[in-house]
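Worksheet: one structure, shown below.
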2 protein chains.
Amino acid sequence: MATGRTHRPATRSRGIPEATVARLPLYLRALTALSERSVPTVSSEELAAAAGVNSAKLRKDFSYLGSYGTRGVGYDVEYLVYQISRELGLTQDWPVVIVGIGNLGAALANYGGFASRGFRVAALIDADPAMAGKPVAGMPVQHSDDLEKIVEDNGVSIGVIATPAGAAQPVCDRLVAAGVTSILNFAPTVLSVPDGVDVRKVDLSIELQILAFHEQRKAGEEAAGETGAVPLAPKEAGKGPDGDVPAVMPA
Amino acid sequence: MATGRTHRPATRSRGIPEATVARLPLYLRALTALSERSVPTVSSEELAAAAGVNSAKLRKDFSYLGSYGTRGVGYDVEYLVYQISRELGLTQDWPVVIVGIGNLGAALANYGGFASRGFRVAALIDADPAMAGKPVAGMPVQHSDDLEKIVEDNGVSIGVIATPAGAAQPVCDRLVAAGVTSILNFAPTVLSVPDGVDVRKVDLSIELQILAFHEQRKAGEEAAGETGAVPLAPKEAGKGPDGDVPAVMPA
DNA sequence: CTTTGTGAAGTCGTTCACAGCA
DNA sequence: TGCTGTGAACGACTTCACAAAG
């Protein structure tokens, strides 16, 4: 999951559920693969399998977009690719800025899937003067002093934040003030933004922690036949990373 | 969002809702920050604000863990940090392997938040023989021929896949065969895994597409007072990234 | 009087199952 | 006959609102 706010209870008239929107890119990817193999049509069953969802869900999702299928046959691949692209706004060009060109920012700048599908990296921005001018992914890094000008000159409405946690909120504020209304946040912080601005976050550490939770459950289950309380740690507490995990237990 | 499957309708007895599990790391981060500032207690209201959720949700979430608060006072910060860490399985050490040491894999290896909180990068693995032995983040990259041995020798149960899309499924299969039961997938593919294996995915391009959807809505709204159908593209279709967006429209 | 913990109500999302159309 | 499109049932998550506890 990612978005903080649903930003409005439901979009006025033809509201597509948020959960459906989140799956459209998945369908699009599967359809693009079929298109490249020149497959003319797919059934909901086949496409659902390729996208990793069940077919009832897929059909319901598509029903929010309109009646684009043919009963007894399936969906026209090219047509669906076009309809979903249009619905997602990928038929236009989205200039994006990446702020924070450290390891992660540089990796994002180099990431191919970024450039494809209507997204274009318009600028790389970093606060370190030593970075300024240095080429990353074939593009000179610009200093953050010019952030506002860069955003305005390029008509940027989507910003990617890949700074350290401490810098994220100030950078976010400046992006928003300059006109950015959608933010993809890789910094491990909660960003606060005014209404009308969308934030999605990607947090590595959170994903791992969720996996660890389930992993622990699996480990606890395979032996213990329900001990009563906690599945008890199999191995032994490793090294406490940064000093939590106190042995004390307040009343 | 990320997980494909809920992997079992609900965990046997004291099932914590998936949505709650996904928020625990958020609370933990906020609590850790408070702990570092030596704040002894927090109210649900304060903590909720710090974590970016509302207080009712937070209280309900905590109620699944037990009654760890004090009415009229709030929650003991240190105690809660401990309880949530334990619940998430962070009181033990989780060795992790990263497969695919390209731009992204290297960035992940260098990412600090990775190493903290009980996760330890046990090995970096890549298929390119030229990478073998090269140090990344102070650690020699190992060749993927040895993947099974590395996983087994280190007791790895969590694997991170940062390979190109085409390599992801084979790598996944090998990880699973070697004993990995949780996978964090950065490759833009749907992975299929046997029951009992958890997969979470992080997909840059999907996040951007979701943002673009909302962005397009905003742009369409500010002018058009409900035209009837589509909010029509404000700018003009840019350059079709990889050849989709056909102008044809099948019957 | 303050703040937690939680039934009950409300909202959102998924799945079922079948009518409707090609 | 085969497969889509969708109302209706179901289940999961959120929010409300208040009783219980310090």
Side-chain angles (χ1 to χ4, degrees), chain A residues 1-11 14-24 26-27 31 39-77 79-80 83 210 250-251, chain B residues 1-11 14-24 26-27 31 39-77 79-80 83 210 250-251:
Chain A
M1 199 159 329
T3 313
R5 162 187 12 280
T6 321
H7 104 87
R8 229 170 299 102
T11 318
R14 206 163 49 96
I16 300 179
E18 196 51 39
T20 295
V21 172
R23 281 188 295 267
L24 292 180
L26 237 57
Y27 301 144
L31 284 163
V39 177
T41 59
V42 254
S43 67
S44 62
E45 204 70 56
E46 293 163 332
L47 184 53
V53 303
N54 73 52
S55 65
K57 197 185 293 191
L58 178 142
R59 286 200 303 277
K60 172 95 13 181
D61 283 342
F62 285 177
S63 79
Y64 294 116
L65 308 184
S67 286
Y68 294 152
T70 307
R71 293 167 201 240
V73 179
Y75 300 92
D76 182 287
V77 172
Y79 185 51
L80 248 194
Q83 290 298 343
I210 296 170
Chain B
M1 196 159 326
T3 313
R5 167 185 8 280
T6 322
H7 106 85
R8 230 169 299 101
T11 318
R14 206 162 50 94
I16 299 178
E18 196 52 38
T20 295
V21 172
R23 281 187 296 266
L24 292 180
L26 237 56
Y27 301 143
L31 285 163
V39 177
T41 58
V42 254
S43 66
S44 61
E45 204 71 56
E46 293 163 332
L47 184 54
V53 303
N54 73 52
S55 65
K57 197 185 290 190
L58 178 142
R59 287 201 303 278
K60 175 73 48 169
D61 283 343
F62 286 178
S63 79
Y64 294 115
L65 308 183
S67 286
Y68 293 152
T70 307
R71 292 168 201 239
V73 179
Y75 300 92
D76 181 286
V77 172
Y79 185 50
L80 247 194
Q83 290 299 343
I210 296 170

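Letters go in sequence order (proteins before strands), and every chain restarts at 1. Worth saying up front: this structure is predicted, and the values here are computed from it rather than measured.
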Check your understanding: Passes side chain to side chain contact (heavy atoms under 4.5 Å, CB included), A:Thr70 versus A:Thr41? Steps please.
Key -> CA-CA 10 Å; A:Thr70 307; A:Thr41 59; over 6 Å; no
Review point. How about A:Tyr75 and A:Glu46: do any of their side-chain heavy atoms sit closer than 4.5 Å?
Key: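 Result no, sub-4.5 Å side-chain heavy-atom pair not found.
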Review point. Are B:Tyr79 and B:Tyr68 close enough that their ring centres sit under 6.0 Å apart?
Key: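 Between B:Tyr79 and B:Tyr68, the centre distance is under 6.0 Å.
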Check whether any side-chain N or O of [X] sits under 4.0 Å from OP1 or OP2 of [N], and answer yes or no.
X	N	answer
B:Tyr64	D:dT14	no
B:Ser44	C:dT4	yes
B:Arg23	D:dT14	yes

Nearest listed nucleotide, side chain of [X], among [options]:
X	options	value
B:Lys57	C:dT6, D:dC13, D:dT15	D:dT15
B:Glu18	C:dT4, C:dT6, D:dC13	D:dC13
A:Ala19	C:dA22, C:dT14, D:dT15	C:dT14
B:Asn54	D:dT15, D:dA8, D:dC13	D:dT15
B:Thr70	C:dG5, D:dT4, D:dG22	D:dG22
B:Arg59	C:dT6, C:dG13, D:dT6	C:dT6

**Study point:** B:Gln83 vs B:Leu65, side chain to side chain contact (heavy atoms under 4.5 Å, CB included): CA-CA, chis, key distance, verdict
**Key:** CA-CA 8 Å; B:Gln83 290 299 343; B:Leu65 308 183; 5.6 Å; no
Point to revise | Distance-only donor-acceptor test (3.5 Å): side chain A:Arg71, base D:dG2 | key: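 Flag unset: no donor-acceptor pair detected.
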Practice item. Identify, between A:Lys60 and A:Gly74, the residue whose nearest nucleotide on DNA chain D lies closer to the 5' end. Key: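 Mapping each residue to its closest nucleotide by heavy atoms, the 5'-most match is A:Gly74.
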Exercise for review: Look at all strands and tell whether A:Phe62 reaches a base, only sugar-phosphate, or nothing, counting heavy atoms closer than 4.0 Å.
Suggested key: nothing
Revision key, fill the gap. Heavy-atom nearest nucleotide on DNA chain C taken for A:Ala56 and for A:Gly72; more 5' hit belongs to A:Ala56
